[in-house]
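Here's the structure we're looking at; comments come further down.
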Amino acid sequence: MTETAAAPGLLDGSYDLVRAAEDLAARLPQPMAPFARIAYNYLWSWTPGGRELFAAIDPVRWERANCNPVRLLLESSAATLERVASDAQLMGQADAVLATIEADRARPPMQGRASAAHPVAFLCAEFAVHTSLPIYAGGLGVLAGDILKEASDLAVPMVAVGLLYRQGYFIQRMDRTGYQHEYWMPLDPDRVPAALVRNSAAEPLTVSVPLRGRQLVVQVWRVQVGRVPLFLLDADRPENSRIDRWITARLYESDRGIRLAQYALLGIGSMRVLDAMGMDPAIVHLNEGHAALAPLELARRDIAAGADRYTAFAAARERTVFTTHTPVAAGNEGYDVAEIAEVMGDFPGEIGMDFDSFLQLGRTRPENLHEPFVMTPLGIKMSRAANGVSRRHGEVARQMWQPLFPERPVDTVPIGHVTNGVHLTTWMVAPMRALLDRHLEPGWVTRAADPQTWAPVDNIPDEELWALRCRLRGEFVEYVRDRSVATRLARSEEREMVAAAERGFSADSLTIGFARRLATYKRLYLITLEPHRVAQLISNLERPMQLILAGKAHPNDEEGKRSAQGVFTFKELAHAAERVAFLDNYDLGIASQLVAGCDLWVNLPRPPLEASGTSGMKSVLNGGLNLSVLDGWWTEAYDGANGWAISGDAVYDNHVQDSRDAAALYDLLEHEVAPLFYTRGSDGVPHDWVRRIKRSLRTNGPRFTATRMVHDYIDSAYLLASAAAE
Ligand SMILES: *Cc1c(COP(=O)(O)O)cnc(C)c1O
């Protein structure tokens with residue numbers, strides 16, 4: 001398949017990463033070599049002291065470089081670098097971080113079915129590993145990034161494959177009316193911690209993928225996420241036509257044909273690239289349907305080697321596990337016959353199928369010629385195990401896909417659930433981590449999935465926890481001021497609006513966050529459904545509230561875009577200019593500020609359309625409280641005293657449901673949330689509020705970390721342990 005197939009040894013790009021770090025080191029003063037090595041493994045981003053190490057080089061340039069250590073080191077002045085090189089303390093810290101990274105790599109892998117040559121291959125269209133690598137859009141990518149980091153922490157032999165989008169996802173700018181505008185920035189792979197994988201002849205390793213009746217040639221970049229390599233396929237090769245190079249230009253590209261080609265590339269190309277690097281996955285984990293052609297490529301290989309189709313398909317299924325994230329029909333995009341024919345070309349023939357039988361694989365009712373081809377049914381049919389991402393989503397998915405199993409009642413449809421979780425050391429801010437380090441048992445982070453670990457939270461003095469919350473809120477308010485002055489200026493707001501951002505927002509006010517994709521079902525518009533009630537809440541002088549919003553709509557989602565405009569009409573309300581802010585361009589960086597600084601995290605999905613949701617879990621880890629519709633993860637989390645809930649019953653009439661849920665939101669804010677926050681003891685501490693934070697940490701901490709989630713995947717899907725016992 002490639003010129004390199006016969007080359008000796010594992011050509012997996014690990015040497016290329018070492019070379020890239022050496023090249024970078026060669027441009028730095030000699031003693032700074034450890035910085036270059038640290039820069040090429042994202043483990044620094046969740047190692048205590050890692051961020052501080054780079055920020056200390058030049059805090060302003062660090063921000064400007066989007067917290068990208070490769071850019072920081074390349075762009076720092078000679079004088080800065082010389083200063084660092086002669087700073088013994090900083091050099092000592094660098095040695096310590098590097099030692100952590102090296103010790104991490106030296107740990108033995110988890111034993112079982114998977115191994116370095118037969119890893120778990122985790123496939124996803126987007127990965128949110130770090131803000132400096134903008135190849136993600138939202139929750140799916142964040143989850144994928146968190147899974148890689150946790151798999152690394154647990155020493156699971158995992159490799160990940162995605163696409164290197166040369167323009168990433170769009171950058172959002174809102175205009176004065178709250179209408180979203182988009183632009184794209186080129187991503188220079190030589191200025192991110194990635195290395196082009198080369199073959200034994202030192203040429204870029206390439207594979208070809210049959211797409212659109214041609215052979216698309218792709219190269220592959222390696223990014224190191226702790227122990228886990230992330231391989232990113234890249235169609236920007238001279239062999240390809242200009243249009244074909246565009247296939248890996250933009251995440252969730254608007255052109256349907258290109259999007260379908262991306263998915264086909266991810267499914268087929270990922271398997272070919274791993275093969276070219278000498279890896280034969282024990283497990284292929286399809287994280288969402290995009291990569292669902294991967295098991296067919298595994299089958300194709302067996303068929304080419306002489307196996308019959310039945311045996312080849314059964315073997316492919318045996319290795320594949322599938323996670324669905326979409327309880328919305330529209331999220332399960334369908335392609336018609338012409339679109340599939342255009343992209344797939346001869347591929348069906350190579351797996352011994354005529355085109356019509358191939359189409360049937362992507363249908364719920366195979367014989368229905370009018371049903372489009374959807375990746376989700378294909379993924380479910382071609383996998384050994386399938387799961388939704390929360391208990392409730394598992395139920396919804398069983399119902400939704402029951403027609404695939406006409407002989408089975410809904411309850412027995414073979415789709416389970418693994419509830420999402422978040423990577424603790426990524427999402428818990430350093431001061432919170434320090435507080436828990438003081439009060440929990442040493443090594444608690446590695447036992448975060450054990451409820452016992454969190455028990456000592458109850459003994460933290462209220463004043464101490466409250467002081468921390470006040471500190472985080474205060475820092476966040478400074479950040480909001482910075483951001484909103486800048487964005488209001490950029491939007492050409494009235495001078496009064498800009499001034500309001502500068503003097504507005506308070507370090508002591510109840511701070512409410514609502515940030516998520518601006519998809520209609522997330523119902524941002526509920527917040528403004530009854531403006532007079534909102535006006536009352538916002539302008540209350542004794543119990544003020546401030547509301548910080550963020551989120552992107554997909555460029556083609558007009559309805560989603562309009563939903564943001566409602567909150568921009570807010571600025572006419574008294575006090576809103578000083579108490580309501582929309583932060584442009586929601587991304588990992590903004591998310592970590594929001595989930596650390598907000599007292600209350602609000603989520604208003606139309607049930608049952610929230611598969612899981614994860615931002616609320618991030619808020620939990622930083623001592624925020626959740627107020628959410630009982631949907632997704634919150635159905636499992638809410639116990640009556642660890643946050644607040646709005647009924648999750650689905651009402652047939654959307655308008656009725658909207659007004660009911662909006663009223664519930666305003667009532668809770670007015671009668672429960674604000675009184676609890678503002679009722680202070682003689683010591684100034686809201687003891688009942690703090691009690692609720694402790695309960696939230698104690699009950700939700702163990703259940704919604706990625707540690708629990710990845711263990712669930714190991715037990716239910718990867719079977720690493722059971723194979724070890726054989
Ligand atoms: C966590 C996160 C999300 C997902 O949040 P939901 O609660 O699932 O809406 C989306 N975008 C960013 C940047 C995040 O950090």
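First listed ligand is number 1; within each ligand, the first listed atom is number 1.
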Taking all heavy atoms of Phe505 and all of Arg481, pick out the closest pair and write down the distance.
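Shortest heavy-atom separation between Phe505 and Arg481 comes out as O-NH2, 2.8 Å.
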In chain order, what residues pass the side chain to side chain contact (heavy atoms under 4.5 Å, CB included) check against [X], with sequence neighbours excluded?
X      : value
Ala144 : Phe122, Cys124, Phe127, Asn287
Asn66  : Thr131
Ala128 : Tyr136, Val142, Leu588

Say whether Ser628 and Tyr638, considering side chains only, have a donor N or O and an acceptor N or O under 3.5 Å apart.
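There is no such pair (donor and acceptor under 3.5 Å, judged by atom type) between the side chains of Ser628 and Tyr638.
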Show the protein residues that qualify under the rule heavy atom under 4.0 Å from an atom of ligand 1, listing them in chain and number order.
Gly138, Gly139, Val142, Trp427, Arg516, Lys522, Tyr586, Asp587, Leu588, Ala591, Gly613, Thr614, Ser615, Lys618
Is Asp557 paired with Lys561 through a side-chain N to carboxylate O contact shorter than 4.0 Å?
no
